[in-house]
Amino acid sequence: MSEPYGAVRRPLDRSARVLVAGSRGLVGSAVWRHLAREGFTDLLGPGSSEVDLRERGEVFDWFAEARPDVVVLAAARVGGIKANATRPADFISDNLRIQTNVLDAALEHGVERLLFLGSSCIYPKLADQPIKENALLTGPLEPTNDAYAIAKIAGIVQVQSVRRQHGLPWICAMPTNLYGPGDNFHPEHSHVLPSLLRRFDAARREGAPRVVNWGSGAPRREFLHVDDLARACLHLLEHYDADGPVNVGTGTDLTIREAAEQVAEVVGYRGTLEWDPTQPDGTPRKLLDISRISALGWQPRITLRDGLIETYAWYVDRLGSDGLRL
Ligand code: GFB
């Protein structure tokens, strides 16, 4: 049998100095927890008060001092459909600057191993489903997040260019829609699952008879728990070395309406779910083909239901009993 595309066995030294860029965010904090659990002893994750990754000089000074061996580039300006649609200039500018600075500094300081994290929104709006990695740059993007997607595509091409020009084994992973403990629960700017957890929790506490969600409820989405992504990140760093990005997802999706029903059940909200068609639906479907990473030996482990229960518990714990502090 032929080897899977890009397959290698290249374990990372547990004493390697690893920069987790974006270590305070949803993805970075999960990657940090996973690496610590796996025995990594020299993790670095400067916060934005230490290094503003948008500032080139600060990033280069930090690299000169810290000299990491490995970089996981999980830092990004992220948000849900409305944040992307209303602040595209911030999304393209911040993300281009963050990733260009970190990738350039990593190159200048000879970082051997690097993983860049993109997003499933890099693929064309109407790509064939499930979406294979080779769908990249084959059609127009979803307009609600084209600025973010273009920045992420630029990051992929920069990593590929470094591979080609400098021969470094840097790689890219493309996660599907993520959720989990540590997510942003802002009512307007967050992604759909934290938004719904917060809205249904408030409605249950207030005894509201109905909640109104955005859009038609018909779009389909795939949701991956961020701890599953964190395992995938280390797995790819140790088992993958090729030019093409690698999708990371669950391989199954559901409608937003079905997702909302699951959230209502987890929260214990028994009122009516209504839909506001004046709000954007975004892309109709975004299901990743995960055969590339599956062939490398990674599978998701956390079901949506278990993940929602855990994320809701984290939210309630974080907020205390009044549910109003975020
Ligand atoms: O998670 P979400 O904001 O991002 O929205 P996208 C997913 C779907 O849920 C859309 C619907 O069809 C929304 O209209 N939805 C229903 C809601 N109620 C709500 C709500 O209260 N809040 C939110 N946020 N959505 C993002 C991209 O797209 O996905 C980013 O904008 C990124 O670039 C991210 O790629 C993973 O899946 O539509």
Side-chain angles (χ1 to χ4, degrees), residues 25-27 74 76-92 94-95 117-127 129 131 136 141-156 173-180 183-203 210-226 229 245 247-250 253-264 267 269 273-288 304 308 311 315 326:
L26 173 67
V27 174
R77 173 186 279 276
V78 297
I81 191 167
K82 208 175 271 188
N84 270 272
T86 55
R87 305 175 78 174
D90 296 348
F91 276 78
I92 193 164
D94 285 356
N95 286 310
L117 283 149
S119 159
S120 58
C121 69
I122 59 159
Y123 294 116
K125 176 184 172 93
L126 300 177
Q129 308 284 322
I131 310 172
L136 182 60
L141 298 164
E142 156 60 32
T144 53
N145 59 35
D146 55 1
Y148 177 73
I150 289 284
K152 289 293 184 184
I153 292 169
I156 297 168
M174 296 304 118
T176 193
N177 286 35
L178 300 166
Y179 73 100
D183 213 339
N184 171 9
F185 286 79
H186 189 281
E188 290 285 309
H189 298 148
S190 66
H191 289 100
V192 60
L193 294 180
S195 284
L196 297 183
L197 283 165
R198 179 179 178 148
R199 181 175 306 134
F200 294 0
D201 178 70
R210 61 189 197 108
V211 292
V212 182
N213 304 307
W214 301 354
S216 64
R220 301 184 71 87
R221 292 289 185 275
E222 174 188 22
F223 297 104
L224 180 71
H225 191 289
V226 72
L229 173 67
N247 290 341
V248 190
T250 63
D253 64 357
L254 71 176
T255 65
I256 293 298
R257 184 183 298 271
E258 289 163 342
E261 285 162 3
Q262 284 210 33
V263 173
V267 170
Y269 177 68
L273 310 190
E274 293 183 1
W275 298 90
D276 176 359
T278 65
Q279 301 286 349
D281 266 348
T283 196
R285 193 175 185 203
K286 203 165 37 167
L287 174 65
L288 294 180
L304 180 58
L308 284 173
T311 306
Y315 172 74
L326 268 188

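Just so it is clear, the structure is predicted and the values come from calculations on it, not from any experiment. One-based numbering, in listed order, for ligands and for the atoms of each. Along the sequence shown, the residues carry numbers beginning at 1.
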Hey, does the side chain of His191 reach the backbone of Leu193 with a donor-acceptor pair shorter than 3.5 angstrom?
-> no
For atom 24 (N) of ligand 1, which of Ser190, Pro194, Pro175 has the closest heavy atom?
-> Ser190
When distances are taken from atom 8 (C) of ligand 1, the protein heavy atom at minimum range is Ile256 CD1, 3.5 Å
Considering only heavy atoms of Gly79, which atoms of ligand 1 have at least one such atom less than 4.0 Å away?
-> 30 (C)
Can you find an N/O atom of Gly282 closer than 3.5 Å to an N/O atom of ligand 1?
-> no
Side chain, backbone, both or neither: the part of Arg199 lying under 4.0 Å from ligand 1 by heavy atom | side chain
Any N or O on Thr144 sitting closer than 3.5 Å to an N or O of ligand 1?
-> no
Would you check whether Val192 has a nitrogen or oxygen atom less than 3.5 angstrom from a nitrogen or oxygen atom of ligand 1?
-> yes
Among all protein heavy atoms, pick the one closest to atom 36 (C) of ligand 1 and tell me residue, atom and distance.
-> Asn177 OD1, 3.4 Å
Closest candidate by heavy atom, reference atom 16 (C) of ligand 1, pool Trp214, Tyr148, Tyr179 = Trp214
Is Asn84 touching ligand 1 with its side chain, its backbone, both, or neither, if touching means heavy atoms under 4.0 Å apart?
-> side chain
In Å and rounded to the nearest 0.5 Å, what is the CD1 to CG distance from Ile81 to Asp281?
-> 7.0 Å
Quick check: does Thr283 get an N/O under 3.5 Å from an N/O on ligand 1?
-> no
How close does the nearest protein non-hydrogen atom get to atom 27 (C) of ligand 1, and which residue and atom is it?
-> Asn145 ND2, 3.2 Å
Would a distance-only check, ignoring hydrogens and angles, find a side-chain to backbone donor-acceptor pair under 3.5 Å from Glu274 to Arg210?
-> no
Give the residue and atom name of whichever protein heavy atom lies nearest to atom 4 (O) of ligand 1, and the separation in Å to one decimal.
-> Ile81 N, 3.8 Å
Between Arg285 and Ala127, is there a donor-acceptor pair closer than 3.5 Å when you use the side chain of the first and the backbone of the second?
-> no
Please check if the side chain of Lys82 supplies one atom and the backbone of Ser190 the other of a donor-acceptor pair under 3.5 Å.
-> no
Ile122 side, atom CD1; Asn145 side, atom CG - distance, nearest 0.5 Å | 11.0 Å
What distance do Tyr315 atom OH and Asp201 atom CG have between them, rounded to the nearest 0.5 Å?
-> 5.0 Å
Taking Asn95 for the side chain and Phe91 for the main chain, is one N or O donor matched with an acceptor at less than 3.5 Å?
-> yes
Quick one: does Lys286 get an N or O within less than 3.5 Å of an N or O on ligand 1?
-> yes
NE2/His189 to CG/Asn84 distance, rounded to the nearest 0.5 angstrom?
-> 10.5 Å
For ligand 1, which atoms have a heavy atom of Ser119 less than 4.0 angstrom away?
-> 35 (O)
In terms of residue, atom name and distance, what is the protein heavy atom nearest to atom 34 (C) of ligand 1?
-> His191 NE2, 3.2 Å
For ligand 1, which atoms have a heavy atom of Gly80 less than 4.0 angstrom away?
-> 3 (O), 31 (O)
CH2 on Trp214 to CG on Leu196, rounded to 0.5 Å | 9.5 Å
Polar proximity ligand 1 side, Pro280 side, N/O cut 3.5 Å exclusive | yes
for atom 22 (N) of ligand 1, nearest protein heavy atom and its distance come out as Ser195 OG, 3.1 Å
Check Arg220, Arg221, Gln129 against Asp253 for a side chain to side chain donor-acceptor pair (under 3.5 Å) and give me the one that passes.
-> Arg220
Which of the ligand 1 atoms, numbered from 1, are nearer than 4.0 Å to a heavy atom of Cys121 | 33 (O), 35 (O)
Kindly identify the option in Arg221, Glu188, His189 whose heavy atom sits closest to atom 37 (O) of ligand 1.
-> Arg221
Any luck finding a side-chain donor-acceptor pair between Glu142 and Thr283 under 3.5 Å?
-> no
Which residue supplies the protein heavy atom nearest to atom 12 (O) of ligand 1, what is that atom called, and how far is it?
-> Asp281 O, 2.6 Å
Backbone N/O of Asp94 and side chain of Arg77: donor-acceptor pair under 3.5 Å | no
